[in-house]
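One structure is given here, and the rest of the page talks about it.
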Amino acid sequence: MSKITTELLLERAVPRSTRLRKIETLNLSKLQLKTGDLDPRLFSRLRHLQKLDLSDNLLDKFPNSLTLPDLRVLNCNNNKLEDVTALKQFPLLEELTYENNVYLTLNDDYKVMFLLQNLRLLNGKDITKLANHVRRVNSRKLTSKARCVTAHWEKFFRDQLPEKYTAEQVKSIKKKFLKSVQTNVVYGPSSLSEFTRWRVKMIAEELLACSLGLELNTDPEPEEKMDESEEESTESPREAAEDMAQVVYVYDPLVTVTPSKRKRNHSKPGSGNKRSKSQTNTEEEAEDVSAEPLHFLQCHSKGNSREDFKTQLWSCVFEPLLDCGARKDPIVSSSRTVATCGGESVCLIDCETGTVLKKYKVATEEFFSVAWTTLTMVISDSRKKSHNILAAAGRRGIVKLIHVAADFCYGEIKAHKKPIATVCFSPTRETHLFTASYDKRIALWDIGIPDCDYNFKASQLLVLEALSIPLRIALVPTCPEQYLLAGCEGGCFAWNIKLDKEQKSRPFEAVFQFADEDGGMTTSHRVDGLAFLNDDVIVSKSSKPGCIYLWSWSRSFDTKGKGCQRTISAVILAELEWSTTDLSYLTLSTCPAKDYVFCGDEKGSVWMYNLSNYSTAWSSAKGKRSERRIPPTQILKWPELRENGEQLSEVLINNVVSDPTFTYLVVLTSVNITAIWKKS
């Protein structure tokens, strides 16, 4: 039953009333109201309501048909609003406040200024001049934008609509067109990209409805955000509005390359324009993964240059689902949103649509690593809510902490004086962050939990001393609060990280030795790939060409052994056949739920290994080493991508990461291209 009744409305009227139609001022604050509690049938009887206070509730949106024709003042402070477009149903609104709604941004301010022609005060500030300017600029540029939208339809979509079409065909083409036009018709500053995309979508829908006779979408899907926020931006809202006059039309997709896939050897003539299945390059084809290339994105360009094919992309990680948290089942603890970093920017990408949802830039930075955690934050009135926080770090030795839902970098930790190679969060303690630096140290930080004003306190808990630069780090799954492994420039090491010890600065506890090229054993080799395949099996890649090792943590490391800085022989379970290149820093990753290992090479290919047939034998205490190298299950070949008619060459795969269910595969390259594949 709804919390709102006729009796409640009469009681909360100011002053109290005996008739709903006589109420002019209504206070419904602090009632824990949710969107479903706002009954349009009941509110439609408030014909003369002018002032409405809905502050300090739990509203995430407004129903589309509240029917308050005389509403002039609305207070929505301290709610959970995610969208403001439904406010257009209150055309006489003059004063609006929605402060402390964490999901609303500057883009939403511009939306309400455009939608509400009578709005004078927004969050207590007079916006009359700015609002008039926003409307005037949009009105003046409407013609040029409409031409761009029309041109995009004519060039790419009109011919897709047959002479006699079905409703289903119209729906499909319309969906593709609206998505494409929002990406490719660009104008205004990046800080207002969500607002401009929203305006372009409106224009596109009007084009379809008026000029082409296709039905206008009266109940649009939620906007896909594509917000680019630059650190310490000096651009004022007024300057942003003025910059909107600069309209740029981009005909090509967000990527400026056009993929044309290689054919299989058995493909028929004329099939070159169709997407090919991924290819295998092994003597024994265990299975055909049937991964299809979805998107090739060029979204980390320096200065947003379309000519940038030099920016290196280094790290990517899938966002956890808020319902799951970091400590739940990994199979269901990830979304289709991935964070990627390289050059001066960090991007959030929807893997299914290829949309860059958000972009965070620091002009003086080069980002090397990103990591997610989920924090339970106090919003207001002691209410708590889980939010995903992204940590990003790189050349400056500074960790940026980003509250993604709020589009806000709320803090930074000056962790090291030299570049940070990689970061990772503890799976058991959500505020514990490890940073591995070129200063030959790995630091453990407690980043704290920000309050409702984003005040937080970070503290250093531990420093692990290394003999060389740590490149990759991994916490041991069976004891993540006790042991950490690191692949370094000079070997593979293990540290005891248990916090009950008084010693805050610690040397390594063990160094692992492996076979060298001469058949002997060595501890001195570069380990640039390191990950756990399951609770016990470690996958590491060293400077030994053509080889990836799989070895046992439990059989290699005797936790009962005494002494520090022990030299231990890694108990090898198998070797994976890989490229013979001697190039370094082409790292690997694993998908534990599916027993997969991924590693890119110097030719743009992705080597994939399905090890499910081996893992049972390895788990046995007497499991024997595989006598021969295990070939890849499949190799995904780099497609023929062309930029300005010329084929991109010399593509190195720096990193490959799948989501926990192995639905999407994200490939990061040395040529500023993020490739996304989807498993069929």
Side-chain angles (χ1 to χ4, degrees), residues 23-29 35 38 40 43 46-57 59-142 188-189 191-203 206 220 222-223 225 227 235-245 407:
I23 297 176
E24 294 185 358
T25 301
L26 184 61
N27 184 354
L28 296 178
S29 64
T35 299
L38 304 183
F43 272 74
L46 300 169
R47 304 297 296 175
H48 298 289
L49 184 66
Q50 295 189 21
K51 296 182 179 180
L52 177 60
D53 187 349
L54 288 168
S55 62
D56 300 292
N57 283 297
L59 305 176
D60 57 3
K61 62 180 179 180
F62 275 94
N64 284 321
S65 53
L66 283 186
T67 318
L68 301 173
D70 207 26
L71 190 65
R72 310 297 174 97
V73 179
L74 178 61
N75 183 350
C76 305
N77 287 345
N78 298 312
N79 276 277
K80 299 182 178 182
L81 294 177
E82 300 177 7
D83 183 60
V84 296
T85 54
L87 295 176
K88 66 183 178 182
Q89 65 185 300
F90 311 129
L92 300 183
L93 205 60
E94 298 175 358
E95 299 180 22
L96 172 65
T97 54
Y98 49 57
E99 294 179 305
N100 295 324
N101 282 270
V102 69
Y103 297 112
L104 299 184
T105 68
L106 176 66
N107 290 273
D108 296 293
D109 295 349
Y110 275 73
K111 288 180 183 179
V112 295
M113 283 188 277
F114 180 79
L115 290 171
L116 302 172
Q117 301 292 311
N118 292 305
L119 195 65
R120 296 184 295 103
L121 295 177
L122 179 59
N123 294 327
K125 297 179 181 179
D126 188 340
I127 50 90
T128 305
K129 291 183 179 179
L130 178 59
N132 287 337
H133 186 77
V134 170
R135 297 164 196 145
R136 187 170 64 251
V137 168
N138 274 272
S139 176
R140 188 169 66 242
K141 289 298 171 181
L142 183 62
S191 58
L192 293 174
S193 59
E194 184 198 339
F195 169 72
T196 56
R197 279 164 53 86
W198 172 76
R199 283 292 294 128
V200 167
K201 183 180 180 183
M202 290 175 65
I203 295 166
E206 291 168 5
E223 289 291 316
K225 292 190 176 181
D227 189 53
E235 185 180 68
S236 68
R238 182 179 302 279
E239 291 168 333
E242 292 170 352
D243 287 345
M244 286 164 52
D407 298 331

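Every heavy atom of this structure was used, including side-chain atoms; hydrogens, water molecules and symmetry mates were not. Just so it is clear, the model here is predicted, and its values are computed rather than measured.
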Is the shortest distance from a Lys or Arg side-chain nitrogen in D53 or K51 to a carboxylate oxygen in the other one below 4.0 Å?
no
What pairs with E95 under salt bridge (charged side-chain N to carboxylate O under 4.0 Å, His left out), at least two apart in sequence or on another chain?
R120
side-chain contact (heavy atoms from CB on, under 4.5 Å) assessment of L121 paired with I127
CA-CA 6 Å; L121 295 177; I127 50 90; 6.0 Å; no
Spell out, as yes or no, whether a donor-acceptor pair under 3.5 Å connects the side chain of D407 to the backbone of T105.
no
Considering all heavy atoms, the nearest D83-L104 contact
N-CD2, 3.9 Å
Does N123 use its side chain to pair, donor to acceptor, with the backbone of Y98 at less than 3.5 Å?
yes
Using salt bridge (charged side-chain N to carboxylate O under 4.0 Å, His left out) as the criterion, list what pairs up with R47, not counting sequence neighbours.
none
In Å and rounded to the nearest 0.5 Å, what is the CD1 to NZ distance from I203 to K201?
13.0 Å
Please tell me if the side chains of C76 and F62 come closer than 4.5 Å, counting only heavy atoms from C-beta onward.
yes
Which pair of non-hydrogen atoms, one from L71 and one from Q50, has the smallest distance, and what is that distance?
CD1-O, 3.5 Å
Just to verify, what does D60 make a salt bridge (charged side-chain N to carboxylate O under 4.0 Å, His left out) with, not counting sequence neighbours?
none
Side-chain touch W198/Y110, heavy atoms, less than 4.5 angstrom:
no
Donor-acceptor pair, N132 side chain versus K129 backbone, under 3.5 Å?
no
Evaluate the criterion side chain to side chain donor-acceptor pair (under 3.5 Å) for residue pair S55 and N78; output intermediate values, then yes/no.
CA-CA 6 Å; S55 62; N78 298 312; over 6 Å; no
Between N118 and P91, is there a donor-acceptor pair closer than 3.5 Å when you use the side chain of the first and the backbone of the second?
yes
Is there a donor-acceptor contact under 3.5 Å from the side chain of N79 to the main chain of L81?
no
Can any side-chain N or O of N57 pair as donor or acceptor with the backbone N or O of L28 at less than 3.5 Å?
yes
Using modelled atom types and a 3.5 Å cut-off, is there a donor and acceptor pairing between side-chain atoms of D109 and backbone atoms of N107?
no
Using every non-hydrogen atom in the two residues, find where Q89 and L66 come nearest and quote the distance to one decimal.
OE1-N, 2.8 Å
Strictly distance-based, threshold 3.5 Å: is any side-chain N or O of N100 a donor or acceptor partner for the main-chain N or O of N77?
no
